[in-house]
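First comes the structure, then the notes that go with it.
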Amino acid sequence: MVTSPAVNVYPLANWLMFGTKEPKMEKDTSVADRLARMKVNYMKEGMRTSVEAILLVQEHNHPHILLLQIGNTFCKLPGGRLKPGENEVEGLKRKLSSKLAANMPSHQPNWQVGECVATWWRPNFETMMYPYCPPHITKPKECKKLFLVHLSEREYFAVPKNLKLLAVPLFELYDNVQTYGPVISTIPQQLSRFHFNMVHP
């Protein structure tokens, strides 16, 4: 029998919030603005490469994913665009520290970037992304990779003032494209091959 990779999942209560940080303002006020900026950057730098983190915690003995909420409706995984030529793992650590690390050198999270569990492609300057690159597309506009990031037993987080850090259960994400979009709503399927080891204090 093939064994599933094990992931330790610690209680949400183990994570301590050290207040807030300066706001991380969105660069675009609309989807159209974001796609227009993506087009400009593509002309200068080529395909956009982005990395995002799947951070797991548990509550009521069920896995939850940490999401950043912007406003009252839009949620996203922590992460973002890599600099040209930047290493994926180091870039994700940089993005995670920018979004979530406390402003205390002695309490910096130990980001343990694990497996890449999904790769999504944006064929054109449109909102739709696919978990494959269509065969007729020779120059995709974005490649987005999702990494499982293993959290230590206790971490100290600080979130930008304009964002909220939410713990969303897998059962709420599953197949909920309308609320979370195709990338986040398929995370439960991507994680189904892992064995969750619920660690209790």
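Heavy atoms only: backbone and side chains are in, while hydrogens, waters and symmetry mates are out. Heads up: numbering here begins at 1 and tracks the sequence.
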According to a 4.5 Å side-chain heavy-atom criterion applied to Ile, Leu, Val, Met, Phe, Trp and Tyr, with indirect links allowed, do [X] and [Y] form part of one hydrophobic cluster?
X: Val113; Y: Tyr10; result: yes
X: Ile70; Y: Val183; result: no
X: Leu100; Y: Phe74; result: yes
X: Leu68; Y: Leu12; result: yes
X: Leu191; Y: Leu66; result: no

Can you list the residues that meet the side chain to side chain contact (heavy atoms under 4.5 Å, CB included) rule with Arg48, with sequence neighbours excluded? Arg34, Met38, Ser50, Arg81, Glu142

So, do [X] and [Y] sit near enough that their side-chain heavy atoms are less than 4.5 Å apart?
X: Leu151; Y: Trp111; value: yes
X: Leu173; Y: Ser185; value: no
X: Lys144; Y: Leu146; value: yes
X: Asn124; Y: Ile137; value: yes
X: Leu67; Y: Leu55; value: no
X: Pro5; Y: Phe194; value: yes
X: Val149; Y: Leu92; value: yes
X: Pro123; Y: Pro134; value: yes

Distance (rounded to the nearest 0.5 Å) between [X] [atom1] and [Y] [atom2]:
X: Leu165; Y: Gln69; atom1: CG; atom2: CD; answer: 10.5 Å
X: Glu88; Y: Cys143; atom1: CD; atom2: SG; answer: 7.5 Å
X: Tyr42; Y: Lys44; atom1: OH; atom2: NZ; answer: 15.0 Å
X: Ser192; Y: Ile187; atom1: OG; atom2: CD1; answer: 12.5 Å
X: Ile65; Y: Leu77; atom1: CD1; atom2: CG; answer: 7.5 Å
X: Leu56; Y: Asn8; atom1: CG; atom2: CG; answer: 11.0 Å

Is there a donor-acceptor contact under 3.5 Å from the side chain of [X] to the main chain of [Y]?
X: Ser30; Y: Asp33; answer: yes
X: Lys99; Y: Gly79; answer: yes
X: Ser97; Y: Lys93; answer: yes
X: Asn14; Y: Glu153; answer: yes
X: His64; Y: His62; answer: yes
X: Gln58; Y: Val199; answer: yes
X: Thr179; Y: Asn176; answer: no

Output yes when [X] and [Y] qualify as a salt bridge under the 4.0 Å nitrogen-oxygen rule, no when they do not.
X: Glu126; Y: Lys141; result: no
X: Glu52; Y: Lys145; result: no
X: Arg193; Y: Glu115; result: yes

Determine, stepwise, if the pair Lys95 / Leu82 fulfils side-chain contact (heavy atoms from CB on, under 4.5 Å). CA-CA 9 Å; Lys95 285 292 184 179; Leu82 295 177; 5.8 Å; no

Supply the members, apart from Tyr130, of the Ile/Leu/Val/Met/Phe/Trp/Tyr cluster built from side-chain contacts under 4.5 Å; use none for a lone residue. Met128, Tyr132

Can you see which heavy atom on Pro131 is nearest to which on Trp121, and at what distance? C-CD1, 4.4 Å

Please find the pair of heavy atoms, one from Phe147 and one from Gly114, that lie closest to each other, and give the distance. CD2-O, 3.5 Å

Worked check of side-chain contact (heavy atoms from CB on, under 4.5 Å) between Gln189 and Thr186: CA-CA 5 Å; Gln189 291 97 310; Thr186 53; 4.1 Å; yes

Can you confirm whether more than 12 heavy atoms, excluding those of His60, are under 6.0 Å from its NE2 atom? no

No-hydrogen, no-angle side-chain donor-acceptor test under 3.5 Å, Glu172 and Tyr180: yes

